[in-house]
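Input: a single structure, listed below in structure tokens.
By convention in this document, chain letters (A, B, ...) are assigned in the order of the sequence lines, proteins followed by strands, and residues within each chain are numbered from 1.
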Amino acid sequence: MSNLSVKVRFAPSPTGELHIGGVRTALFNWLFAKNQGGKFYLRIEDTDAERSKEKYIDQILESLEWLGLHWDQPLFYQSQRLDDYKSRSKDLLNTGRVYRCFCTKDDLQSARDAGHYIYPGTCRNLTDDAIKVRLNQGQNFTFRFRVLEGETIYKDLIYGQIHVDHKELDDFIVVRSDGSPTYNYVNVIDDHDMGITHVIRGEDHVSNTPKQILIYKALGYDEPTFAHLPMILGHDKKRLSKRHGAPGVQNFRDEGYLPESLINYLALLGWNPGTEEEILSPNELIEKFDLAQVQKKGAVWDEKKLHWVSGQHVMNKSTGFLLDAIREIHPDWGKGSDISFLISILELLKVRAKSLTEFIRQSEYFFYAPKEYDRAGLKKWWKNESVNERITAFLEHMDKVPNWRKEDLETSFKSFAESIEMGLGKIIMPVRMAVCGSPNGPSIFDILELLGRDTTIGRIETALEKLPN
RNA sequence: GGCCCGUUCGUCUAGUGGUCAGGACGCCGCCCUCUCAAGGCAGUAACACGGGUUCGACUCCCGUACGGGCUACCA
């Protein structure tokens, strides 16, 4: 099944940090390459000198690395290839596939304002003499691609056959008046030179594809196979973009999502494995990935489902792994505590925390006495002075716990509850409030065992002083 | 404006002429239970609309509506 000749690329422009839409494109390229046993390249499209920033390059690479979307070498930089475009432009000029256009931006804009969306062909058939005159006058010019009559048809792996009448394509610019190549042109040359076999990119490029195919043909290159991915949408069904609420990858890392959670969720956004499985590891995704199963319509980004996916992955992780992962985003977590203590905490919180940051938040009372007590919890479990009486009595009872282990603690709680003929919860919950400050969390016996006798007693005494007020 | 693409529960999706239209997230209820989770069970909820084609359409065709994309000397 493996096809060693498959080569794909992800080509971000470093004008901002990598966001979720970009990751999705990268991911599908990567999954396809890995599934096919091919290569996954990265090409930094940094020819927009104005907006491209070194720091974004670093950020993009870092994000991809964090996600585990490792790329094959070499790493391509478009800016380093500028010379390669020039000679080919000359060839195209010589063969007449491209011609000089002396129209100015203003001319074109006013034509467009007047409702003429398509380039009128003003310079299409200039005579050699006319060209010479303008050249001598020092007029600036662009290179326009001469679109001939006909139709371009291509087969998109996701959308199927798409055909466009050349009447819809005007003679588009291929080289700007400053000599720099435009996107559609550069892309073709880069992809060809890199030996790209499958161009997998966002649906926003569907309309560009016929133009690019024309360039491939003019240059005498074989065209690659195209596959266009549907967009990721916001809740308003509008395409997610940097300016329209697309979160950067860094956010997810900071929020404590595991890379494989993000990858899992993103893979399911617009694709499905053909089974009803939802939780898949990167390797499983690679194994099952198939462009034929990719959706045509855009998918709305749903953070709630990501959160659920994340919780599922967290549950499957070993506590050792989780400890390392937490310390990566929060090096001080549990500092000064025994590793075994930390591991025990993680064990207890594993089914409860859905992200790394939730471990940090939910574990606070294992390290510090509560600074304040949850209001709703108090209202329900520490209503009045009668609770103080009950808990004070229980405190004495606790002195008799032989070994401070959860089994003995449980026995002790139960016998006390029986002795005063009250439900277990009437003891447990106030104690929980006193010790943790919150009504939620793992079994109280587990918590108390970990915290130890002195800490437990101390916190209960403090609570008795402060509460119920 | 023109062209291209799309349209199944609120969301992600399965479905390829005959299904009680399935699953997942969310929400709701119950069970479990010291709480919160996790887990189990049940529930809520969808084929955009109108015409065809057909014995029979979510599935095929044509329109309409709605949404998205492109239409730059951006990428």
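- Between A:Arg239 and B:C70 there is a side-chain N or O to OP1 or OP2 distance below 4.0 Å.
- One donor-acceptor pair, N or O on each side, does fall under 3.5 Å between the base of B:C73 and the side chain of A:Ser177.
- The A:Arg144 side chain lies nearest to B:C73 when the options are B:G23, B:C73, B:U35.
- A donor and an acceptor atom never sit less than 3.5 Å apart when one is taken from the side chain of A:Thr182 and the other from the base of B:C73.
- Figure legend: cation-pi geometry between A:Lys53 and A:Tyr56 absent, as NZ or CZ is not positioned both under 6.0 Å from the six-membered ring centre and within 45° of its axis.
- Among the heavy atoms of the strands lying under 4.0 Å from A:Glu278 is at least one base atom, whether or not backbone atoms are also near.
- Taking the six-membered ring where the residue is Trp, the centroids of A:His313 and A:Tyr265 are separated by 6.0 Å or more.
- With rounding to whole Å, A:Leu240 atom CG is found 12 Å from B:G69 atom P.
- Here the CE atom belonging to A:Met429 is positioned 12.0 Å from the CH2 atom belonging to A:Trp382, to the nearest 0.5 angstrom.
- Summarising the base pairing, B:C32 is matched to no nucleotide, lacking a Watson-Crick or G-U wobble pair whose two defining distances lie under 3.5 Å.
- Both tests do not hold together for A:Arg43 against A:Tyr41: distance to the six-membered ring centre under 6.0 Å, angle to the ring axis within 45°.
- Residue contacts for A:Lys167: at a heavy-atom cut-off of 4.0 Å it reaches no nucleic acid atom on any strand shown.
- The gap from the P atom of B:G23 to that of B:C9 amounts to 16 Å, rounded to the nearest Å.
- Look at CG on A:Asp156: it is 17 Å from P on B:G69, rounded to the nearest Å.
- If you take atom C1' in B:A57 and the same atom in B:U8, they sit 14 Å apart, rounded to whole Å.
- A:Val164 comes within contact range of no nucleotide atom at all, as no heavy-atom separation falls under 4.0 Å.
- Counting any heavy atom pair closer than 4.0 Å across all strands shown, A:Gly270 reaches sugar-phosphate atoms only and no base atom.
- Between A:Lys211 and B:C70, a side-chain N or O to OP1/OP2 separation shorter than 4.0 Å is absent.
- Of the two residues contacting RNA chain B, namely A:Thr142 and A:Met231, the nearest-nucleotide position lying further toward the 5' end is that of A:Met231.
- Across the P atoms, B:G68 and B:U11 are found 14 Å apart, a figure rounded to whole Å.
- A 3.5 Å limit on both hydrogen-bonding distances identifies B:C27 as the Watson-Crick or G-U partner of B:G43.
- A:Phe141 carries A:Arg100 over the face of its six-membered ring, with the cationic atom under 6.0 Å from the centre and within 45° of the normal.
- Here A:Lys105 lies in heavy-atom contact (under 4.0 Å) with a base.
- The phosphate of B:U8 (OP1 or OP2) has a side-chain N or O of A:Lys297 nearer than 4.0 angstrom.
- Within the 4.0 angstrom heavy-atom criterion, no nucleotide atom of any strand lies near A:Pro210.
- Residue A:Asp302 is the one, among A:Asp204 and A:Asp302, whose nearest nucleotide of RNA chain B lies closer to the 5' end (criterion: closest heavy atom).
- For A:Ser207, the side-chain atoms get nearest to B:G69 when compared with the rest of B:A75, B:G69, B:G68.
- To the nearest whole angstrom, the two P atoms, one in B:C58 and one in B:A46, are 15 Å apart.
- Atom CG in A:Leu348 sits roughly 14 Å away from atom C1' in B:U35 (whole-Å rounding).
- For the pair A:Trp308 CH2 and B:G10 P, the computed distance is 20 Å after rounding to whole Å.
- B:C36 atom P lies 13 Å from atom CD1 of A:Ile428, rounded to whole Å.
- Using a 4.0 Å heavy-atom distance criterion, A:Lys380 is classed as making no nucleic acid contact.
- When the P atom is used for both B:C49 and B:G39, the distance is 36 Å, rounded to whole Å.
- Within the nucleic acid shown, A:Ile173 comes within 4.0 Å of at least one base atom, counting heavy atoms only.
- Using a 4.0 Å cut-off, some side-chain N or O of A:Gln312 falls inside it from OP1 or OP2 of B:G39.
- Remark: A:Asn208 is not in phosphate contact with B:C70, judged by side-chain N or O atoms under 4.0 Å from OP1 or OP2.
- Among the protein residues, A:His228 comes within range of no part of the nucleic acid, since none of its heavy atoms lies under 4.0 Å from any strand.
- Judged by the 6.0 Å and 45° rule, A:Lys414 forms no cation-pi pair with A:Phe416.
- Remark: B:G6 base-pairs with B:C66; criterion is Watson-Crick or G-U wobble with both hydrogen-bond distances under 3.5 Å.
- Applying the Watson-Crick and G-U wobble criteria (two distances, each under 3.5 Å), B:A75 pairs with nothing in any strand.
- Residue A:Ile444 is classed as a base contact, given a heavy-atom separation below 4.0 Å to a base.
- The side chain of A:Phe445 approaches B:C34 more closely than any other nucleotide in the set B:C34, B:G68, B:C73.
- Stacking here means ring centres nearer than 5.5 Å and ring planes tilted less than 30 degrees, and by that measure A:Tyr117 stacks onto B:G1.
- B:U19 makes up no base pair with any nucleotide shown, lacking Watson-Crick or G-U wobble contacts both under 3.5 Å.
- Using a 4.0 Å heavy-atom criterion, one finds that A:Ser438 contacts no nucleic acid atom at all.
- As a whole-Å value, the separation of A:Tyr159 OH from B:G6 P is 7 Å.
- On the P atoms, B:G63 is 12 Å away from B:C5, given to the nearest whole Å.
- Atoms CD1 and CZ, from A:Ile200 and A:Arg9 in turn, are 9.0 Å apart once rounded to the nearest 0.5 Å.
- With distances taken from any side-chain atom of A:Val300 to the nucleotides B:C34, B:A38, B:U11, the minimum falls on B:U11.
- Whole-Å rounding puts the A:Asn440 CG to B:U33 C1' distance at 13 Å.
- Looking at heavy-atom distances under 4.0 Å, A:Asn140 makes no contact with the nucleic acid at all.
- When both distances must be under 3.5 Å, the Watson-Crick or G-U wobble mate of B:A14 does not exist.
- Within 4.0 Å (heavy atoms only), A:Arg432 reaches at least one base atom of the nucleic acid.
- Separation of atoms CG (A:Leu108) and SG (A:Cys103) is listed at 5.0 Å; rounding is to 0.5 Å.
- In a base pair of the Watson-Crick type (N1 to N3 plus N6-O4 or O6-N4) or a G-U wobble (N1-O2 and O6-N3), with each distance short of 3.5 Å, B:U53 is matched with no nucleotide.
- Distance check on atom C1': B:G29 versus B:C66 gives 36 Å, rounded to whole Å.
- Nucleic acid contact for A:Cys436: none, since no nucleic acid atom lies under 4.0 Å from a heavy atom of the residue.
- Atom CD of A:Glu303 and atom NE2 of A:His235 lie 8.0 Å apart (nearest 0.5 Å).
- Put simply, CD1 on A:Ile162 is 12 Å from C1' on B:C70, counting in whole angstrom units.
- The P atoms of B:A21 and B:U53 are separated by 25 Å, rounded to the nearest whole Å.
- Distances shown here put every side-chain N or O of A:Lys237 at or beyond 4.0 Å from the OP1 or OP2 atom of B:G6.
- A 6.0 Å sphere centred on NZ of A:Lys317 holds more than 12 heavy atoms belonging to other residues, nucleotides or ligands.
- Contact check, A:Gln295 against B:A14: a side-chain N or O comes under 4.0 Å of OP1 or OP2.
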